[in-house]
Amino acid sequence: MDEKQRISELRQQLHEHNYKYYVLNAPTISDQAFDFMMHELQDLEAKYPKMDDPNSPTKRVGSDLNSEFKQVAHKYPMLSLANTYNEQDVEEWFEQVARGLMGEEFEVCCELKYDGLSISLTYVDGQLVQGVTRGDGIHGDDVTENVKTIRAIPLVLSGNDYPHEFEMRGEILMPWKVFEQLNAEREANEEPLFANPRNAASGTLKSLNSRLVASRHLDSYLYYMLGEQLPTDGHYENMMKAKHWGFKISAGMRKVKSLQQIYDFIKHWDTERKNLPIATDGIVLKVNSLRQQRALGYTAKSPRWAIAYKFKAERACTKLVEVTYQVGRTGAVTPVANMEPVKLAGTTVKRATLNNADFIKSFDLHVGDYVYVEKGGEIIPKIVGVALDKRPADAKPISFITHCPECGTPLARYEGEAAYYCPNDTACPPQIKGRIEHFIARKAMNIDSIGPETVDDYYRRGLIHNAADLYNITVQDINGAGNREKSALKIVRGIASSKQVPFERVVFALGIRFVGETSARLIARHFKNIDALMEASLQDLTEVEGVGEVIAKSVIAYFSNPINKEIVARLRNYGLQMALSEEQQAGSSDKLTGKSIVISGVFTHHSRDEYKALIEQNGGKNVGSISGKTSFVLAGDNMGPSKLEKAERLGVPIISEDDFLKMIE
Ligand SMILES: NC(=O)c1ccc[n+]([C@@H]2O[C@H](COP(=O)([O-])OP(=O)(O)OC[C@H]3O[C@@H](n4cnc5c(N)ncnc54)[C@H](O)[C@@H]3O)[C@@H](O)[C@H]2O)c1
Ligand SMILES: [Zn+2]
């Protein structure tokens with residue numbers, strides 16, 4: 001690939017990672033990996049100035065705007081910070097500042113870089129009047145109501161020497177403890193886990209439910225003051241004032257004059273930060289005088305008077321004690337490293353995924369080895385290296401198992417896939433339990449009166465072997481298993497009420513390999529009932545838009561297995577929905593087939609969810625953000641200004657509520 005192509009590739013990938021990080025709060029790569037890609041792009045753009053693009057991720061802050069909130073313009077833009085991972089760059093920045101100030105003396109304020117999401121708070125006459133997220137830097141989401149639930153943020157200031165009107169900027173954080181509890185709860189409820197406290201804090205602050213926000217115990221540190229009449233010209237001095245007015249400010253802020261003092265500060269906090277109750281990812285250096293800050297100014301994306309020095313991803317070294325193997329719902333076997341517990345970036349880790357046999361081979365891992373672990377974008381830490389010099393004499397190479405640890409069946413490996421599978425899908429316990437757990441999951445049959453533990457229990461007691469058995473369970477069965485009558489009744493009722501779940505979710509619940517929520521919906525809408533689906537040929541299936549050969553083959557294989565046929569027949573007898581409802585059949589059309597539609601603003605005739613349903617019923621797809629591929633925006637009142645601007649820039653048509661309803665009439 002040539003370097004110009006690489007520029008476009010990096011831009012596209014960084015846009016995507018920004019979206020996952022800021023909007024979905026679910027990054028898939030580590031911050032360090034993201035920053036390295038960003039630095040690569042910066043270097044390449046400097047080399048090819050002709051490829052300049054004002055929309056490049058190097059020029060704009062990643063946007064966390066969310067159309068559910070009212071958007072407001074920032075009085076002063078909210079930018080990012082230039083960042084680096086090495087001290088050399090800090091030195092360069094220091095020299096640049098000195099040159100920029102033409103030899104004038106200056107002080108630098110050193111402070112911790114909190115790893116949360118930024119917030120702008122406006123105070124008028126000592127009262128909090130508004131809390132806004134960074135958004136795209138120009139506009140932010142108004143989250144005032146949520147901000148008010150955070151105890152660390154004063155609603156009314158103490159003292160009487162604060163300016164009539166001013167803005168405080170800071171970071172909203174979720175303490176490690178709260179984060180660990182939250183993830184433990186989510187794990188128990190089978191909800192997706194947050195990768196880190198930053199994403200959890202952001203997901204929480206963007207909740208539409210202020211009571212939920214209050215229950216999450218967010219914390220906040222404030223680190224910058226803006227306004228027309230600030231108490232002093234010194235950033236540090238202003239922060240000390242802020243402290244008296246009731247704000248929580250950065251721990252251990254220090255004013256220094258030399259590079260050596262900066263390095264000392266970095267060194268101190270690189271270890272000391274591990275004792276803090278909240279996440280930090282570096283330190284921030286700011287020229288202290290506001291007058292000098294104005295003299296140095298800004299680039300498109302960040303101030304020239306500040307820089308962030310980021311700590312390298314924390315890495316721990318610990319002993320690999322044992323490798324165990326997990327068999328998933330599809331039979332895929334995942335090796336897991338069990339290690340001596342070690343503290344890593346705020347939490348204790350004792351397990352890491354080993355992915356597959358190739359991964360183990362690539363590190364030539366031995367049991368007894370000392371391994372380096374890091375946290376990436378994912379929740380489970382990963383092994384990034386082996387300390388070969390510490391390998392004990394009795395360490396043994398890991399030999400991948402040849403038989404399923406659960407049922408003893410010889411493992412198989414399919415062409416083109418890295419994983420080994422247990423092919424015994426009808427009798428291998430974790431596969432059976434996994435399928436039942438999938439069947440009852442929220443997005444499938446939504447039977448929330450039972451969870452994975454209950455499934456495990458019933459399976460061990462011989463009450464269930466497949467999803468259909470669930471509908472056979474009686475109160476007596478459960479009582480026999482030691483439950484109280486009341487909860488037994490609740491369970492049986494919960495199972496019975498799932499019979500109303502629509503056909504498309506029944507198709508998803510069957511757990512046909514490769515058939516996710518969306519393809520299940522497409523298939524259900526196309527074939528309309530289970531008989532037509534079971535009779536469908538490979539060609540019939542691949543004709544469904546969005547269904548490829550892999551899915552089609554898997555559907556055929558599923559329905560040609562007599563065991564599955566019997567399960568489906570029993571589910572039908574128990575009264576599950578095996579066809580689209582009349583309403584769905586009547587209301588459905590393909591008027592919007594192939595169209596990607598963004599919904600934005602406030603509507604009068606229908607709710608947002610109803611519009612989503614209408615789009616889907618007519619074969620369209622509702623997508624979250626505007627791109628070149630968007631067919632049109634269905635816009636109500638108060639469409640966010642940044643969305644409007646984006647739609648106009650990309651030439652995406654904007655359709656009113658009335659016109660949309662005519663369109664699908
Ligand atoms: N993993 C991913 O996929 C992914 C994707 C996008 C962004 N990211 C991460 O996010 C970063 C970009 O986010 P960003 O633009 O918010 O930059 P940033 O987090 O690197 O730095 C700027 C932010 O630091 C915060 N901050 C904390 N303490 C501060 C202090 N004492 N003074 C001033 N500011 C302070 C502010 O909120 C400010 O907006 C990337 O560098 C990357 O690490 C990761
Ligand atoms: Zn097995």
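Ligands are counted one by one from 1 in listed order, and the atoms in each one are counted from 1 as well.
- Distances from ligand 1 to the non-hydrogen atoms of Val284 include at least one value under 4.0 Å.
- Inclusion of Lys286 in the set of residues having an N or O under 3.5 Å from an N or O of ligand 1 is warranted.
- When each of Gln42, Glu45, Lys301 is paired with Thr58, the side-chain hydrogen bond (donor to acceptor under 3.5 Å, both in side chains) condition holds for Glu45 and for no other.
- Of all the heavy atoms of Met38, none lies under 4.0 Å from any atom of ligand 1, so neither backbone nor side chain is involved.
- Of all the heavy atoms in Ile249 and Tyr221, the pair that sits closest is O-CD2, 3.4 Å.
- Remark: ligand 1 atoms within the under-4.0 Å shell around heavy atoms of His17 are 3 (O), 5 (C).
- Here Lys113 has heavy atoms under 4.0 Å from ligand 1 in both its backbone and its side chain.
- Using a 4.0 Å cut-off to heavy atoms of Glu111, the atoms of ligand 1 that qualify are 30 (C), 31 (N), 32 (N).
- Considering both main-chain and side-chain atoms, Asp31 comes within under 3.5 Å of ligand 1 through a nitrogen or oxygen pair.
- Within a 6.0 Å sphere centred on NZ of Lys243, heavy atoms belonging to other residues, nucleotides or ligands number 12 at most.
- Rounding to 10 degrees gives 110° for the angle at the Zn ion (ligand 2) between SG of Cys407 and SG of Cys404.
- In terms of polar-atom proximity, defined here as any N/O pair under 3.5 Å, Asn18 makes no such contact with ligand 1.
- The cationic group of Arg169 does not satisfy the cation-pi geometry with Tyr224, failing either the under 6.0 Å distance to the six-membered ring centre or the 45° limit from the ring axis.
- Only the side chain of Tyr22 comes within 4.0 Å of ligand 1, judged by heavy-atom distances.
- For the residue pair Glu237 and Asn288, a side-chain donor N or O sits within less than 3.5 Å of a side-chain acceptor on the partner.
- Of the heavy atoms in Met78, none comes closer than 4.0 Å to ligand 1.
- Tyr414 has its ring centre less than 6.0 Å from the ring centre of Tyr421.
- No more than 12 heavy atoms of other residues, nucleotides or ligands lie within 6.0 Å of CD in Glu453, so this atom counts as exposed by the packing criterion.
- For Ser30, the closest heavy-atom approach to ligand 1 falls below 4.0 Å.
- Side-chain contact annotation: Glu111 with His235, donor-acceptor N/O pair under 3.5 Å present.
- Proximity of the aromatic rings of Phe106 and Phe94 is defined here by a centroid distance below 6.0 angstrom, and this criterion is met.
- The Zn ion (ligand 2) lies at the vertex of an angle of 110° between the SG atom of Cys422 and the SG atom of Cys428 (rounded to 10°).
- Counting only N and O atoms by type, the side chains of Arg435 and Asn466 include no donor and acceptor under 3.5 Å apart.
- In terms of N/O distances under 3.5 Å, ligand 1 is not approached by Leu117.
- Comparing Tyr224, Tyr114, Tyr223 against atom 36 (C) of ligand 1, the shortest heavy-atom distance belongs to Tyr223.
- Between Tyr162 and Phe247, the ring center distance fails the sub-6.0 Å criterion.
- From His17, atom NE2 reaches atom CE of Met38 across 11.0 Å, with rounding to the nearest 0.5 Å.
- Of all atoms in ligand 1, listed by their number and element, those nearer than 4.0 Å to a heavy atom of Pro27 are 1 (N), 2 (C), 3 (O).
- Using modelled atom types, one finds a donor on one side chain and an acceptor on the other under 3.5 Å when comparing Tyr223 with Glu171.
- Residue contacts with ligand 1 include Arg134, since one or more of its heavy atoms lies under 4.0 Å from the ligand.
- Residue-level proximity to ligand 1 for Asn83 is carried by the side chain, the only part with a heavy atom below 4.0 angstrom.
- Heavy atoms of Arg169 found under 4.0 angstrom from ligand 1: none, in either backbone or side chain.
- Some N or O of Leu112 is nearer than 3.5 Å to an N or O of ligand 1, by distance alone.
- Residue-level proximity to ligand 1 for Glu171 is carried by the side chain, the only part with a heavy atom below 4.0 angstrom.
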